[in-house]
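Notes follow once the structure below has been shown.
Only a predicted model underlies this, so the values are computations on that prediction, with no experimental measurement involved.
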Amino acid sequence: MRTFLASLLLAAVAATSVSAPVAAQQSRSDQGEARKEMRAGNVLSLREIERRVLPTMRGAEYLGPAYDSTAMAYRLKFIRDGRVMFVDVDARTGRVLRRSR
(Lines give C-alpha, C1' and ligand atoms only; values in the text may rest on other atoms or scores of the structure.)
Protein backbone atom coordinates (compact mmCIF):
# COMPACT_ATOMS: atom_id res chain seq x y z
CA MET A 1 0.00 0.00 0.00
CA ARG A 2 2.82 2.38 0.86
CA THR A 3 4.45 1.74 -2.53
CA PHE A 4 1.15 2.43 -4.28
CA LEU A 5 0.71 5.76 -2.45
CA ALA A 6 4.31 6.73 -3.22
CA SER A 7 3.76 5.91 -6.90
CA LEU A 8 0.54 7.89 -6.94
CA LEU A 9 2.25 10.90 -5.36
CA LEU A 10 5.15 10.67 -7.82
CA ALA A 11 2.73 10.52 -10.75
CA ALA A 12 0.87 13.58 -9.47
CA VAL A 13 4.10 15.56 -9.12
CA ALA A 14 5.24 14.51 -12.59
CA ALA A 15 1.89 15.49 -14.13
CA THR A 16 2.05 18.90 -12.45
CA SER A 17 5.58 19.57 -13.62
CA VAL A 18 4.61 18.68 -17.21
CA SER A 19 1.24 20.45 -17.33
CA ALA A 20 2.46 23.76 -15.87
CA PRO A 21 4.84 24.47 -18.79
CA VAL A 22 2.18 23.34 -21.27
CA ALA A 23 -0.35 25.74 -19.69
CA ALA A 24 2.21 28.57 -19.74
CA GLN A 25 3.01 27.87 -23.38
CA GLN A 26 -0.72 27.87 -24.27
CA SER A 27 -1.16 31.15 -22.41
CA ARG A 28 1.69 32.77 -24.39
CA SER A 29 0.20 31.39 -27.61
CA ASP A 30 -3.22 32.84 -26.78
CA GLN A 31 -1.67 36.22 -25.89
CA GLY A 32 0.13 36.30 -29.23
CA GLU A 33 -3.09 35.36 -31.00
CA ALA A 34 -4.92 38.19 -29.20
CA ARG A 35 -2.31 40.71 -30.37
CA LYS A 36 -2.48 39.38 -33.92
CA GLU A 37 -6.30 39.58 -33.99
CA MET A 38 -6.23 43.09 -32.49
CA ARG A 39 -3.76 44.33 -35.14
CA ALA A 40 -6.01 42.84 -37.82
CA GLY A 41 -8.97 44.75 -36.37
CA ASN A 42 -10.87 41.57 -35.48
CA VAL A 43 -10.96 42.08 -31.70
CA LEU A 44 -10.93 44.97 -29.28
CA SER A 45 -7.80 45.67 -27.29
CA LEU A 46 -7.55 44.35 -23.75
CA ARG A 47 -7.39 47.96 -22.53
CA GLU A 48 -10.72 48.71 -24.23
CA ILE A 49 -12.31 45.60 -22.69
CA GLU A 50 -10.98 46.58 -19.26
CA ARG A 51 -12.17 50.17 -19.72
CA ARG A 52 -15.70 48.85 -20.23
CA VAL A 53 -15.79 46.14 -17.54
CA LEU A 54 -13.72 47.37 -14.60
CA PRO A 55 -16.07 50.24 -13.64
CA THR A 56 -18.93 47.71 -13.32
CA MET A 57 -17.01 45.68 -10.74
CA ARG A 58 -16.90 48.21 -7.90
CA GLY A 59 -15.54 46.83 -4.66
CA ALA A 60 -13.73 43.98 -6.42
CA GLU A 61 -9.99 43.69 -6.91
CA TYR A 62 -8.96 43.00 -10.49
CA LEU A 63 -6.59 40.03 -10.67
CA GLY A 64 -5.98 39.98 -14.41
CA PRO A 65 -7.08 38.70 -17.81
CA ALA A 66 -6.84 35.54 -19.88
CA TYR A 67 -7.58 35.28 -23.58
CA ASP A 68 -9.17 32.25 -25.23
CA SER A 69 -8.23 32.36 -28.92
CA THR A 70 -10.70 29.62 -29.84
CA ALA A 71 -13.69 31.44 -28.33
CA MET A 72 -12.24 34.88 -29.12
CA ALA A 73 -13.12 35.91 -25.58
CA TYR A 74 -11.41 37.46 -22.61
CA ARG A 75 -11.93 36.14 -19.09
CA LEU A 76 -11.34 38.83 -16.49
CA LYS A 77 -10.70 37.57 -12.96
CA PHE A 78 -11.74 39.47 -9.82
CA ILE A 79 -11.88 38.85 -6.08
CA ARG A 80 -14.31 40.40 -3.60
CA ASP A 81 -14.71 39.40 0.05
CA GLY A 82 -12.52 36.32 -0.53
CA ARG A 83 -14.64 35.11 -3.41
CA VAL A 84 -13.22 34.77 -6.94
CA MET A 85 -15.43 35.96 -9.79
CA PHE A 86 -15.00 35.78 -13.57
CA VAL A 87 -16.39 38.00 -16.28
CA ASP A 88 -16.29 36.51 -19.78
CA VAL A 89 -16.28 39.11 -22.56
CA ASP A 90 -16.62 38.68 -26.33
CA ALA A 91 -13.35 40.13 -27.66
CA ARG A 92 -14.95 41.16 -30.96
CA THR A 93 -17.81 43.21 -29.54
CA GLY A 94 -16.93 43.87 -25.89
CA ARG A 95 -20.26 42.35 -24.87
CA VAL A 96 -20.28 40.58 -21.49
CA LEU A 97 -21.12 36.94 -22.13
CA ARG A 98 -21.43 35.79 -18.53
CA ARG A 99 -20.50 36.64 -14.96
CA SER A 100 -19.81 34.10 -12.27
CA ARG A 101 -20.98 34.90 -8.77
Less than 3.5 Å apart, which donor and acceptor atoms pair up between the side chains of residues 80-87 and the rest of the protein, not counting sequence neighbours?
unit_1: Arg80; atom_1: NH2; unit_2: Arg58; atom_2: O; d: 2.9
unit_1: Arg83; atom_1: NE; unit_2: Arg101; atom_2: O; d: 3.1
unit_1: Arg83; atom_1: NH2; unit_2: Arg101; atom_2: O; d: 2.2

Find the distance between CG (Asp88) and CZ (Arg95) and round it off to the nearest 0.5 Å. 11.0 Å

Please give me the minimum heavy-atom distance between Arg52 and Thr93, naming the atom from each residue. NH1-O, 3.0 Å

Can you confirm whether Val53 sits close enough to Tyr74 that some side-chain heavy atom of one is under 4.5 Å from a side-chain heavy atom of the other? no

Quick one, Leu46 and Leu76 - any side-chain contact, counting heavy atoms below 4.5 Å? yes

What pairs with Arg51 under salt bridge (Lys or Arg N to Asp or Glu O under 4.0 Å), at least two apart in sequence or on another chain? Glu48

Nearest heavy-atom neighbours spanning Leu97 and Ala73: CD1-CB, 4.2 Å

Are the side chains of Met72 and Tyr67 in contact, using a 4.5 Å heavy-atom criterion? yes

CZ on Arg47 to CG on Leu54, rounded to 0.5 Å: 10.0 Å

